[in-house]
Amino acid sequence: MVKKRVFVVGATGYIGKFVVRELVARGYDVVSFARERSGIGKSTTAEELRSQLKGSEVRFGDVSNMESLMKNGIRGEHFAVVVSCLTSRNGGVKDSWKIDYQATRNALDAGKASGATHFVLLSAICVQKPLLEFQRAKLQFEKELKESGLIWSIVRPTAFFKSIAGQVASVKSGKPYVMFGDGRLTACKPISEPDLARYMANCLEEPDMQNKILPIGGPGKAITPLEQGEMLFELLGRPPKFKKMPIQMFDIIIPILSLLAKLFPKLEDKAEFARIGKYYCSESMLVLNPKTGNYDADMTPSYGSDTLRDFYKRVLQEGLAGQELGEHSMF
Ligand SMILES: NC(=O)c1ccc[n+]([C@@H]2O[C@H](COP(=O)([O-])OP(=O)(O)OC[C@H]3O[C@@H](n4cnc5c(N)ncnc54)[C@H](OP(=O)(O)O)[C@@H]3O)[C@@H](O)[C@H]2O)c1
């Protein structure tokens, strides 16, 4: 049987790498399109990447440039499916439009030209309440994808483990767990990289995951920052120690940075990062119930078997390798 050809952009990211490996394991003929130097801080060489994405053919070029994408990526060949795990590495205003919108749009156009009939997009659950520029850029692309004539699958995950692992090292070293308000302002159902990769690969095979928006979280009940902190202390065998921060601090920082950004446009991204910080400290990564207008854990589907508890246990023993946030770490 001829293997289905899949073209993956964003193949070098936290989720992208797992998606490539999952597709290869399922027998797809995978081409990964990447930059010569990739990863956080451009730390991965072409050779290292080939070994990380073994089983897929790695092609190098610039996804932001249509000519490069067609010449170095598609190379006049046929692909059946395009999968995008692209996102801006910093969440800045211009970079979000460049990557989450334009580069992803380029991948759609290139895929169409290559004969692809299906586009699987890794998006984010938070676009359901768009207050940030990267969310608007993602939504614009989602809209154009739905109008493209291709079969589409829009996967909107809740939180990744890396996004709630930032305090493991400091808590382990004896510092308190820092949270906003009483630690119950938000909740999420975190999902692991392998579980999400399996879910995304299922989109290629299951017709009921096509032409659908697919919000998805990990297994178990929704968990608040307070519960995340309690879990960490319990695993360490220590009494919990919390530091509570007022969420109102953002209402001072954001207007000051927004005003400064008007005077000094170079500060535009700093103001956006403060808005992103507030968003994640005040909005849950769960499905918004349209009837109540509230976040609803029961309406948020779960998938997979990797639990946050096992993840915390592992990183407390083995460290956080592979869970770095890179430029996202400022929020
Ligand atoms: N963090 C969370 O908790 C969370 C929750 C739900 C949804 N999401 C969404 O999940 C998606 C994937 O996230 P992730 O953490 O896997 O992303 P990531 O690790 O930051 O990876 C981003 C990918 O995009 C590529 N990219 C970025 N800028 C580029 C540029 N200028 N030119 C070419 N390629 C570029 C990167 O390539 P390089 O390696 O070359 O930089 C990398 O392959 C995003 O849409 C994100 O919004 C995240």
Side-chain angles (χ1 to χ4, degrees), residues 8-20 32-46 48-49 52-53 58-66 68-69 72-73 83-92 94-104 106-107 120-128 130 132-139 141-142 145 154-166 186 188-197 199-200 214-218 276 279-280 283-287 300 308 311 322-329 331:
V8 183
V9 291
T12 56
Y14 178 74
I15 300 299
K17 279 183 202 155
F18 282 82
V19 168
V20 168
S32 303
F33 191 55
R35 298 193 269 195
E36 289 268 357
R37 296 290 304 217
S38 61
I40 292 170
K42 301 194 187 322
S43 56
T44 308
T45 63
E48 285 165 341
L49 185 67
Q52 288 177 6
L53 302 181
V58 184
R59 296 181 182 173
F60 295 102
D62 181 3
V63 69
S64 308
N65 178 322
M66 205 56 202
S68 168
L69 184 52
N72 306 312
V83 178
S84 173
C85 299
L86 283 171
T87 196
S88 161
R89 281 247 174 225
N90 62 29
K94 289 192 181 64
D95 205 52
S96 291
W97 281 97
K98 180 179 165 195
I99 303 302
D100 294 72
Y101 171 68
Q102 189 59 59
T104 318
N106 291 351
V120 180
L121 174 69
L122 179 55
S123 184
I125 202 161
C126 60
V127 302
Q128 65 190 332
L132 302 166
E133 215 52 37
F134 83 85
Q135 296 164 337
R136 294 183 196 109
K138 279 184 189 303
L139 274 179
F141 177 73
E142 284 193 5
L145 173 59
I154 296 175
V155 178
R156 290 181 177 175
T158 62
F160 299 161
F161 284 167
K162 69 170 174 181
S163 303
I164 52 173
T186 65
C188 64
K189 284 189 176 184
I191 185 162
S192 77
E193 311 92 291
D195 280 341
L196 182 55
Y199 184 82
M200 289 193 58
L214 303 159
I216 192 70
I276 294 173
Y279 192 98
Y280 286 119
E283 304 289 338
S284 289
M285 295 300 122
L286 296 171
V287 169
T300 309
L308 183 66
F311 170 76
Q323 301 294 329
E324 298 82 5
L325 286 171
E327 290 178 64
H328 286 272
S329 59
F331 47 86

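Read the numbers this way: they start at 1 and go in the same order the structure lists the ligands and their atoms.
- The atoms of ligand 1 that sit less than 4.0 Å from any heavy atom of Leu122 are 10 (O), 11 (C), 12 (C), 45 (O).
- Neither the backbone nor the side chain of Arg156 comes within contact range of ligand 1; no heavy atom lies under 4.0 Å.
- When Lys42, Lys17, Arg35 are ranked by how near their heavy atoms come to atom 32 (N) of ligand 1, first place goes to Arg35.
- Distances between N or O atoms of Gly39 and those of ligand 1 include at least one value under 3.5 Å.
- Taking only nitrogen or oxygen atoms, main chain and side chain alike, Ser88 does not reach within less than 3.5 Å of ligand 1.
- The distance criterion of under 3.5 Å between nitrogen or oxygen atoms is not met by Val63 with respect to ligand 1.
- For Ile40, the heavy-atom gap to ligand 1 stays at 4.0 angstrom or more.
- When only interatomic distances are considered, the shortest N/O to N/O separation between Asp95 and ligand 1 does not fall below 3.5 Å.
- Within the structure, ligand 1 lacks Glu193 among the residues with a heavy atom less than 4.0 angstrom away.
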Start with the C-alpha distance between Leu122 and Leu196, add both sets of side-chain angles, then the distance that settles side-chain contact (heavy atoms from CB on, under 4.5 Å), and finish with yes or no.
CA-CA 10 Å; Leu122 179 55; Leu196 182 55; 4.0 Å; yes

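- Side-chain contact check for Tyr14 versus Glu193: some heavy-atom pair is nearer than 4.5 Å.
- Contact atoms of ligand 1 toward Thr12: 36 (C), 37 (O), 38 (P), 39 (O), 40 (O), 42 (C), 43 (O) (distance under 4.0 Å to a heavy atom of the residue).
- Distances between N or O atoms of Arg89 and those of ligand 1 include at least one value under 3.5 Å.
- Residue Ala34 places no heavy atom under 4.0 Å from ligand 1.
- The ring-ring contact (aromatic ring centres under 6.0 Å, His included) check on Phe18 picks up nothing, with sequence neighbours excluded.
- Each of the atoms 43 (O) of ligand 1 lies under 4.0 Å from some heavy atom of Gly10.
- Where the criterion is an N or O separation shorter than 3.5 Å, residue side chain and backbone included, Ser38 fails it with respect to ligand 1.
- Contact analysis leaves Met285 out of contact with ligand 1, as no non-hydrogen atom separation drops below 4.0 angstrom.
- A pairwise comparison of heavy atoms in Asn90 and Asp95 identifies OD1-CB, 3.7 Å as the closest pair.
- Close approach of ligand 1 to Ser123 is summarised as follows: ligand atoms under 4.0 Å from at least one heavy atom of the residue are 7 (C), 8 (N), 9 (C), 10 (O).
- Proximity of Asp62 to ligand 1, defined as any heavy-atom pair under 4.0 Å, is not found for any part of the residue.
- For a threshold of 3.5 Å applied to N or O pairs, the pair formed by Lys138 and ligand 1 contains at least one separation below that value.
- Looking at ligand 1, you'll find an N or O of Ile15 within less than 3.5 Å of one of its N or O atoms.
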